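In this text the structure is predicted, and so the values were computed from the model without any measurement. Indexing begins at 1, ligand by ligand and atom by atom, following the structure's order.
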Amino acid sequence: MIGKPIEKAINEQINAELYSFYLYLAMSAHFEESGFPGLARWMRAQAQEEMSHALKFFSFVHERAGVVKLVAIDQPKGQWPTALAAFKAAQAHERHITQRINTLMDKAIEAKDHATANFLQWFVKEQVEEEATVDPIVTRLEAIGDHTGALYYLDHELGKRGA
Ligand SMILES: [Fe+2]
Ligand SMILES: [Fe+2]
């Protein structure tokens with residue numbers, strides 16, 4: 001059975017993953033509405049991944065005979081001045097989530113909760129991938145600057161991501 005402090009921390013992480021889902025869904029809507037269907041599709045796929053993260057934590061709480069407590073999800077921003085601004089916000093958000101996962105891991109180790117520590121290993125690896133996915137897009141958008149043609153090319157390319 002899961003200890004109460006870890007259960008509470010995982011419930012907070014469920015909320016953080018649902019907020020991630022909401023944030024990327026908001027970015028998807030923003031790109032769809034501003035004429036970038038490829039970026040919209042990429043963000044929508046990203047949102048779906050975040051929902052799957054939330055559900056992984058959700059299932060884990062129940063596997064350990066814990067109690068899931070769902071609370072309100074914060075409202076994400078709805079507008080970003082540029083594609084670069086949105087992807088920079090996504091990058092900052094992923095770095096923040098990495099910190100949260102690391103703190104969660106610290107708590108599991110302190111509590112000698114090996115099952116949770118083992119479960120969290122997947123997320124440690126996933127966060128490396130999340131940051132490695134978004135970092136080069138930020139770099140490319142910085143290189144693109146005001147070149148509209150290059151931006152539409154990137155939109156086309158990122159739109160190939162399955163959703
Ligand atoms: Fe996530
Ligand atoms: Fe993520």
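Considering CD of E50 and CD of E94, their distance stands at 5.5 Å, rounded to 0.5 Å.
Ring orientation note: the planes of F123 and F57 are close to parallel, at an angle under 30° on the 30°/60° scale.
Ring-centre distance between F58 and H62: below the 6.0 Å cut-off. The ring of F87 has its center closer than 6.0 angstrom to the ring center of W42.
Follow the hydrophobic side-chain contacts under 4.5 Å out from L70 and you reach L104 in the same cluster.
Checked against ring-ring contact (aromatic ring centres under 6.0 Å, His included), Y152 has the following partners two or more places apart in sequence or in another chain: F36.
Excluding waters, the set of protein N, O or S atoms lying under 2.8 Å from the Fe ion (ligand 2) comprises E50 OE2, E94 OE1, E94 OE2, E130 OE2.
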